[in-house]
There are 2 protein chains.
Amino acid sequence: MARAAKPRENKDKKARDLPTGIALLWGEQDQPARGPKPSLTPQRIAQAAVTLADAEGLETVSMNRVAAEFGVSAMALYRYVPGKTELVELMVEAVLSEPPDLSAASSGWRARLSTWAHRQWAVYQAHPWLLAATAMRRQIMGPHQLAWMDAALAALEPTGLTAGQRHQVFLLVAGQVRNLAQQRADFDEDHNREWGRLTSELLNRHSDRFPALTKAIADGAFTPTELDPLDFGLDRILDGVQVLIDRA
Amino acid sequence: MARAAKPRENKDKKARDLPTGIALLWGEQDQPARGPKPSLTPQRIAQAAVTLADAEGLETVSMNRVAAEFGVSAMALYRYVPGKTELVELMVEAVLSEPPDLSAASSGWRARLSTWAHRQWAVYQAHPWLLAATAMRRQIMGPHQLAWMDAALAALEPTGLTAGQRHQVFLLVAGQVRNLAQQRADFDEDHNREWGRLTSELLNRHSDRFPALTKAIADGAFTPTELDPLDFGLDRILDGVQVLIDRA
DNA sequence: ACAAGATGTTTACGCTATATACAGTGGTGG
DNA sequence: CCACCACTGTATATAGCGTAAACATCTTGT
């Protein structure tokens, strides 16, 4: 509230709309005085887009499609959201919501980071489009995204690592979750079967070119295994971090 | 050669064109008998698309733009490439080329995996669009991609790990390279400065909400540091793998 | 020589995001 | 009270995308 609405000084057209987008993400928007009551809010729009993406995938989330969800024209959305980029940012913020309270859930940096990763993973599983949405370019972070980051960094504080190291470890763990989401997106059930069939046929014809791969497949490296991929990678990473800590 | 050209039995329209795309990737195309000589090849098209993407980014690689590079119409490309998806796959195969000979370059699984990661990282740096290109959906792997995978798996064979574990470790290391590329794509120089400025202003206003993050920034966790991010993550991961090996 | 098959162009369709111009609504200052 | 004007929503238009379909042109096997 309070801040007078600046009369839209977009000299750079779309270059410096960052502040507008940021204000949106942080909910710092002042409602207008005169004129008809808005029938929508950025949050309601984002929520509709989220349920749409959950149901039919991110690629079906177009301005037209989302607007149709409210029975309005596509251009109506631009009264609430500067553009599609910002809409996607709002979607991300919407599904992230508040991070879990790690200090309550578990004790010790390792257990806390581990539950952090599992919670984050749960979000990726619930909203498979999240990976693609955050993989797009030039992200600005909203409060929820920062809160997740804060939670992970807080868990790392008692380790005795330097600030730079803690940051790197955070990136490492966050990356592991993203990677797993990526792998899941690449190989769904059907595709995996098809890929395996075609690739094995090709490998039979070129087995001399890929000896290690051929052997790995023969040894069942690609058949679904009992070890959870998230935990496997996480354990390796955290073991490595533990080594670093012990060394200091 | 040899295989008679099937008269294009696309009943599913675009669902079962996979074999066509695969044949392209593996160079198993038979040249036609009658008709004018083709003025292009899939490889030349892909190469032009690669240099275009290197120079102006993947988003400017459109069928029209690539076709213009040869002075032909956009539709002419469809005589050589089934669609844009397959073109991008060809681009990926083109820039990957043959993996390095790790057994010659270094000895020991750790050194070999490390150089593997560095070589892969070099490719990502030379072609920043590679991340986005491989992040797209439903990839089928070409021979070069499989060759890189084979090289990494070969390096892991002397570790004594199970086939499943070796596969997981491979995914872990490959993921680390991808993650770094992702971070580089997210935060280029200019954007980083701008992000830091805006975020620090927001953090000043909400420092109570993000105590650990605020402290981390104050401690210089985000200022460019001397430790190489690729090596830092890699060292943690490989340390963790070493722990696993020792335990067995 | 002729037919067959391959190449390349033209045209068109449906889709995307969004700029622009306009119509209706309703709170507020004169 | 009423006119103004900020604000909402719509209609229209543009530029671009990938690609389907119809067509003309060229080359080669028969």
Side-chain angles (χ1 to χ4, degrees), chain A residues 3-8 10-15 17 20-21 29-42 44-45 49 52-53 56-89 136-137, chain B residues 4-8 10-15 17 20-21 29-42 44-45 49 52-53 56-89 91 136-137:
Chain A
R3 285 251 300 285
K6 291 179 281 187
R8 190 175 299 264
N10 45 349
K11 46 176 74 169
D12 289 10
K13 276 211 162 167
K14 55 176 22 184
D17 278 1
T20 305
Q29 27 189 338
D30 22 40
Q31 65 275 19
R34 306 167 263 298
K37 293 283 146 120
S39 68
L40 302 174
T41 65
R44 292 217 315 141
I45 295 174
L52 187 57
E56 307 187 41
L58 186 60
E59 66 278 2
T60 81
V61 175
S62 71
M63 300 303 266
N64 253 311
R65 193 79 174 64
V66 174
E69 219 72 19
F70 294 103
V72 299
S73 76
M75 292 311 294
L77 301 186
Y78 286 89
R79 296 288 172 192
Y80 302 92
V81 167
K84 187 174 182 183
T85 320
E86 291 81 357
L87 172 56
V88 173
E89 280 164 6
M136 300 299 182
R137 3 211 69 265
Chain B
K6 290 177 281 186
R8 194 175 296 264
N10 46 348
K11 48 177 73 169
D12 290 9
K13 277 215 163 164
K14 56 176 21 185
D17 278 1
T20 304
Q29 27 189 339
D30 23 39
Q31 66 274 20
R34 306 170 263 296
K37 292 281 142 117
S39 69
L40 302 174
T41 66
R44 291 218 315 140
I45 295 175
L52 187 56
E56 307 187 41
L58 186 60
E59 66 276 4
T60 80
V61 174
S62 72
M63 300 304 267
N64 254 309
R65 193 78 173 66
V66 174
E69 218 73 19
F70 294 102
V72 299
S73 76
M75 291 312 292
L77 302 186
Y78 286 89
R79 297 288 173 192
Y80 303 91
V81 167
K84 186 172 183 184
T85 320
E86 290 83 356
L87 172 56
V88 174
E89 280 165 5
M91 291 172 65
M136 299 299 183
R137 359 213 72 263

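Residue numbering restarts at 1 for every chain, and letters A, B, ... go by the order of the sequence lines. Reckoned from all heavy atoms, side chains included, excluding hydrogens, waters and symmetry mates.
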How many Å lie between [atom1] on [X] and [atom2] on [N], as a whole number?
| X | N | atom1 | atom2 | result |
| --- | --- | --- | --- | --- |
| B:Arg65 | D:dA15 | CZ | P | 18 Å |
| A:Glu59 | C:dA17 | CD | P | 12 Å |
| A:Ile45 | D:dT8 | CD1 | P | 11 Å |
| B:Glu86 | D:dG18 | CD | C1' | 12 Å |
| A:Lys84 | C:dC15 | NZ | P | 14 Å |
| A:Arg79 | C:dA19 | CZ | P | 12 Å |
| A:Tyr78 | D:dT10 | OH | P | 14 Å |
| A:Phe70 | D:dG9 | CZ | C1' | 15 Å |

Have a look at B:Ser73 and say if it touches a base, only the backbone sugar-phosphate, or nothing, with a 4.0 Å heavy-atom cut-off.
base

Using every non-hydrogen atom in the two residues, find where A:Val61 and A:Ala49 come nearest and quote the distance to one decimal.
CG2-O, 3.8 Å

Of the listed nucleotides (D:dT27, D:dT10, C:dA17), which one gets closest to any side-chain atom of B:Pro36?
D:dT27

Nearest-nucleotide pick for A:Met63, side chain only, options being D:dT8, C:dA17, D:dT28:
C:dA17

Under-4.0 Å side-chain N/O to phosphate OP1/OP2 contact, A:Tyr80 with D:dG9
yes

Is there a side-chain contact between B:Ser39 and the phosphate of C:dT7, meaning an N or O under 4.0 Å from OP1 or OP2?
no

Pairwise 5' ranking along DNA chain D for B:Thr60 and A:Gly35, keeping only the more 5' one
A:Gly35

Which residue lies more 5' along DNA chain D, comparing B:Arg34 with B:Met75 via nearest heavy atoms
B:Met75

Is a side-chain donor or acceptor of A:Glu56 paired with a backbone partner of A:Ala53 at a separation under 3.5 angstrom?
no

May I ask you to decide if A:Leu40's main-chain N or O and A:Tyr80's side chain share a donor-acceptor pair within less than 3.5 Å?
yes

Rounded to the nearest 0.5 Å, how far does CZ of B:Arg79 lie from OG of B:Ser39?
12.0 Å

Side-chain heavy atoms of A:Leu87 within contact of A:Met63, under 4.5 Å:
yes

